[in-house]
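Worksheet: one structure, shown below.
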Amino acid sequence: MIYTTCKYAPSELLCGFYEETERLDPSPVSFSCADGCAHPNLCGFAKAVIEEVLARGIKEMVFTDCCDAMRRTYDVLLKEKMDFLYFLPLPHKTGEREIRLFASDLRKFCSAYAAYSGKTFSREEAVLACLRSMETRERGTDGKHVSILGAHGGKLLIDSVRSTCPGLEVRDDTCSGNRSFSRRAVPDFETDDGFFKWYAELLLKGLTPCMRMYEIGGRTEEASEGIIYHTIKFCDYYSFEYADLKQKAEVPLLKIETDTTPQSSGQLKTRIEAFGETIGVNGMKHSQGDMTFDRSAKYIAGIDSGSTSTDVVIMDRQKKILGSTISPTGMSASKSAAEALGMALKNAGIKREDLGGIVATGYGRDIIEMEKRTITEITCHAKGAHFLFPGVRTIIDIGGQDSKVIRIDEDGNVAGFIMNDKCAAGTGRFLEMQARALGLTMEEMSRTGLEWKEEVQISNMCTVFAESEVVSLVAKDTPVSDIIHGLNESVAAKTVSLVRRGKGEPQYAMTGGVSRNEGVVRCLSDKLMSPVQVSGQSQLCGAIGAALMGIEN
Amino acid sequence: MPGIVERVGSYISNQTEASPAYVRQLLIAAYRLYGLKLKYLKNPNLTDAKNYLGTVSMGCMVRPLAHPERQVLSSIFTPCEIFHAMGLYPMCAEQFATYTNGAYAEHAFVEAAERAGIAETFCSYHKIVMGGVVLGVVPKPLAIVNTSLACDANNLTFREAAERLGAPQYYIDVPYMPGEDAVDYVADQLREMAGWMQDLSGISLREEKLLEAAENSRRTIRNLRKVITMRKDRYVPAELTAELYEVLMTHNALGMPETLRYSRMLLRDFGKSESAPGRKILWLHTNPFYQGIVKETFNYKRDPWIALTEMCYDSLNSMKDSDPYRAMAHRTVYNSFNGPVTRRADRAVRMAREVEADGAILFCHWGCKETCGGSAVIADALESAGFPVLIINGDGVDRKNSSDGQIGTRLGAFLEMLEGR
């Protein structure tokens, strides 16, 4: 078995040697080897390939010159003393000159493999393999499907989409998926040279071009239901296409960034579920779960199980909040939810059996062990914010673990959303870390930051770098209030960038724990040149939305 | 308390969205002013050659920015003799990013690019250029000409810039494996590009002018190679910024008479030098010229001294071919950044041996997969040859991706380690 990584790999030539090929689809749990023998700032797929080759003891492999990361992966593996490790140059252009050059490189590859294996190349077998690879492209059965575009997502991503949104037809149109040649006539070759030239042209012009090619026409076919756009951290190519697509796409577009490991499956699930809720594809409903709601009962509970706090709201069918509670999530989401629900019921003065249903949202929504229905926090925040601030079109939610921007329509339905990616920068955690470095509580930080006099720029958004910058400023006797203002500015700048990427528009409202920091809210208002509304009940937004969804459903 | 340059940078940043054309004029004025300062108020810490270098470099930025109708936006690895011979002004994208940082204005450009959807992990040099394009500070040039060498960012930035600015683009594909086939292929493209550029600009390319430019390059390379042989035992003061100016001289500015003049002056400076260097450092890849702790460590210091910067050496290849197109193609294809990283590692060892380096510092610039991914291989090669290596992660142009404290500790410890050897 010869392993490859890219759709431009000359698999059909290897069939000419009666060899099978397999494109690697690795999803390691960590990059413990790759971070050492390569560098942490290499794309996740490249690092995953290194991990896979080492873990499986792969001995025969062909790389193509598809990107910087694959070049360096090949370089790193050169030290591993594999039996056959080949790097095939690949032109970026597809004219006559390039076809001639590539044909010559394919011939060199063939000679190298023949010399290594001692086998003879069969042109007839290679041609048959080419015919088999023509027009095997996946297409939706009734033309309705969701297309995964962008960088390699592999089985991990596809399975995640399919399991999160059952019934959704998914097509893998990423750089490694859907490999098939456009159909074309096969001439009678008199010599191998003629075949190599024809095969070079087939590879260069017969595949949907990936973003590394100079000519990239015909890459994006219209997906009828929606597009999930996948990028990998430190892969350059696909953010450019995404930037273009987000201006032009006429169907819902979800951007997901992963590193090929199974980490952050919670974040991934939330986004895909919310996307499914937005497009309502194949009858997928907002809520999932096993609870049957009692429509005659007067009260509904909404639970928002977040990473930092668990918030509960008890509401009657007239949408009046009867009781609520905000309590720390602690070590067990389930236990915290049960306790918080108990407290909220007590505040409301009603009993558990009076509840007609429970709707849970937030990261812990599926973990909570109680009969309930679940809805993503994106949909619930939209609903809750519409209830708290009826005119609002953009919600900025900065929580402890992530930040998100949700656009809503006049009825409180999600029109689009965007979340930050696996990084503490610009989240509540960022401010918590800096407050700790300054020896302040979050409340003190919020208060002190309002007394600033001089602009101080915190240039680092990386939480660790910013912390050392804060320590340096303290050492230079910079007033603490000025430092905090600098931090607030920095969080606001990061958030405004997210708002613009998410095409946010006035009116704005802010929810989540950071909305209690008046300094950040003021900085945000200044940068957006529009007031940002907050409410004393902002932190309950998700729970309110969950309860409202329960009432409306 | 921010200084005057920081305040000006902050003012420029705040104006980028409202009036990009005004910001462009401000930047041109600032660079002109700085060029005059370099010309008339010479830096006493540097020799004549290095002072001259600053003024030449400044001109290479001001001319294309002020005359977009003659500007050819290019990547650092694009051979530019054809443009010099036609009286066109290549604007090096990486130099634009460096100068934007020099004006303390990179933040607004980076933010604009990220807002447009460009990944945070994209090379900051290219991100700043993209920010300039998105904001409208980078004007529509006469043309865009770039190579695929040396990284993926070239395949993205210039195509996107061409589309956004509505500018014609010529893309020079440099095959991954050096060889004569590759030289012929690149020479063919350069010939085609020269014809394309004449049609586009209405300016004729006179053969004698191109031959003259190629001869300038050949002589410059010969002089700079001679300088390298002198670096092992002669010290001439260096500065991080001047090292980057020299990177421009050994790439886009090759072919200019001013570059040839600089190489002669530098040869003279080294010839006159009677001072022996202290600990000699081979600096690999670009450098964070703005970063306080790195400046304090190296600028104008005899010990430690940056004896050689890799990027001032990578293109000093033979240009023996009498056909100027093949000569330029040969230089480009055999650049040490092309092909497997083992080529770069081998050249790093050769450089370290030539200057008898005490150690090497490999700067992993944010977003550079070519260098980050190959850093372990390069470090292994140097260490096996007996040269200690320090790998630093930082950013050549974006202040927010670099930490003084973290780099300072590593740098200090490495230099202490070299002292103890």
Side-chain angles (χ1 to χ4, degrees), chain A residues 36-43 46 65 67-69 71-76 78-79 87 89-93 97-98 101 104-105 211-214 216 231 233-240 242-244 246 257 423 454-455 457 459-462 464-465 468-469 471-472 493 496-497 500-501, chain B residues 1-2 6 10 107 111 113-123 126 130 148 150-153 155-157 159-160 163 171 173 175-177 181-182 185 188-189 339-342 345 364 366-377 380 391 393 398-406:
Chain A
C37 64
H39 193 279
N41 293 1
L42 199 61
C43 103
D65 181 18
C67 63
D68 290 342
R71 292 173 175 193
R72 296 295 87 111
T73 305
Y74 163 78
D75 289 330
V76 166
L78 272 175
K79 280 180 32 184
F87 193 89
L90 180 68
H92 291 88
K93 298 196 280 194
R97 269 194 306 241
E98 288 75 20
L101 195 69
S104 156
D105 285 327
M211 280 293 283
R212 58 85 69 193
M213 301 304 279
Y214 179 59
I216 51 167
T231 58
K233 210 170 182 85
F234 288 107
C235 165
D236 294 336
Y237 279 115
Y238 291 96
S239 72
F240 275 75
Y242 170 72
D244 191 41
K246 76 171 187 171
E257 185 160 286
C423 175
E454 283 270 349
E455 293 268 3
Q457 192 173 0
S459 50
N460 282 294
M461 266 318 294
C462 165
V464 179
F465 285 0
S468 77
E469 211 175 331
V471 171
S472 306
V496 167
S497 180
R500 295 203 176 150
R501 272 161 52 203
Chain B
M1 189 67 136
E6 288 96 320
S10 171
H107 186 60
E111 253 193 19
E114 289 179 0
R115 272 202 309 270
I118 309 296
E120 285 174 42
T121 53
F122 193 49
C123 162
H126 284 257
M130 277 312 303
S148 56
C151 67
D152 291 344
N155 299 329
L156 292 159
T157 302
R159 176 170 62 198
E160 185 73 16
E163 199 176 313
Y171 176 84
D173 197 359
Y176 175 76
M177 291 292 183
D181 283 359
Y185 171 59
D188 271 359
Q189 293 179 82
V341 81
T342 43
C364 283
W366 176 258
C368 180
K369 270 67 73 181
E370 284 276 344
T371 299
C372 294
S375 56
V377 176
D380 277 357
I391 295 178
N393 294 323
D398 186 359
R399 287 173 174 84
K400 81 170 190 297
N401 285 333
S402 227
S403 158
D404 241 20
Q406 296 206 356

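Remember, it's a predicted structure, so these values are computed and weren't measured experimentally. Hydrogens, waters and symmetry mates are skipped; everything else that's a heavy atom, side chains included, is used. So that the names make sense, note that chain A is the first sequence line, chain B the second, and so on, each numbered from 1.
- Between the side chain of B:Asp152 and the main chain of A:Cys67, no donor-acceptor pair closer than 3.5 Å is present.
- Only the side chain of B:Val377 comes within contact range of chain A, with heavy atoms under 4.5 Å apart.
- With a 4.5 angstrom heavy-atom cutoff, B:Glu160 touches chain A only via side-chain atoms.
- Among all heavy-atom pairs drawn from A:Pro89 and B:Tyr176, the shortest one is CB-CB, 4.3 Å.
- Between A:Ser239 and B:Ala119 the shortest heavy-atom distance is OG-N, 3.1 Å.
- Counting only heavy atoms from C-beta outward, the side chains of B:Lys369 and A:Asp236 approach each other to under 4.5 Å.
- Of the atoms belonging to A:Lys246, it is side-chain heavy atoms, and not backbone ones, that fall under 4.5 Å from chain B.
- If you measure heavy-atom distances from B:Ala116 to chain A, the contacts under 4.5 Å come from the backbone alone.
- A search for side chain to side chain donor-acceptor pair (under 3.5 Å) contacts involving A:His92 returns A:Arg212, B:Asn155, B:Tyr171, B:Asp173, not counting sequence neighbours.
- When all heavy atoms are compared, the tightest approach of B:Cys151 to A:Asp68 is CB-OD2, 3.4 Å.
- Looking at heavy atoms from C-beta onward, B:Leu156 lies in side-chain contact with A:Met211 at the 4.5 angstrom threshold.
- Counting heavy-atom pairs closer than 4.5 Å to chain B, the top residue among A:Tyr214, A:Tyr242, A:Phe87 is A:Tyr214.
- Counting only heavy atoms from C-beta outward, the side chains of B:Arg159 and A:Phe240 never approach each other to under 4.5 Å.
- Using a 4.5 Å cut-off between heavy atoms, B:Ala150 contacts chain A through its backbone alone, with no side-chain atom that close.
- Atom CG in A:Asp65 sits 8.5 Å away from atom CE in B:Met177 (nearest 0.5 Å).
- Only the side chain of B:Pro175 comes within contact range of chain A, with heavy atoms under 4.5 Å apart.
- There is no contact between B:Cys368 and chain A, counting heavy-atom distances below 4.5 Å.
- Checking side-chain atoms of A:Asp75 against main-chain N and O of B:Gly374 turns up no donor-acceptor pair under 3.5 Å.
- For B:Arg115 (side chain) and A:Ser497 (main-chain N/O), no donor-acceptor pair under 3.5 Å exists by modelled atom type.
- Within the 4.5 Å cutoff, side-chain heavy atoms of A:Leu101 are placed close to those of B:Asp181.
- When every heavy atom of B:Ser375 is checked against every heavy atom of A:Ala38, the shortest pair comes out as OG-O, 3.8 Å.
- For A:Thr231, no part lies near chain B; criterion is any non-hydrogen pair under 4.5 Å.
- In this structure, OH on A:Tyr237 lies 9.5 Å from CZ on B:Phe122, to the nearest 0.5 angstrom.
- Summarising the geometry of A:Gly36 relative to B:Ala376, their closest heavy-atom pair is O-CB, 4.3 Å, with the distance given to 0.1 Å.
- Note: B:Arg399 CZ to A:Glu469 CD = 11.5 Å, rounded to the nearest 0.5 Å.
- Taking A:Glu98, A:Lys79, A:Met213 one by one and counting their heavy-atom pairs under 4.5 Å with chain B, the maximum is reached by A:Glu98.
- With a 4.5 Å cut-off on non-hydrogen atoms, B:Asp398 does not touch chain A at all.
- For the atom pair NZ (A:Lys93) and CD (B:Gln189), the distance works out to 4.0 Å, reported to the nearest 0.5 Å.
- Contact of the B:Thr371 side chain with the A:His39 side chain is not registered, since no non-hydrogen atoms from C-beta on lie closer than 4.5 Å.
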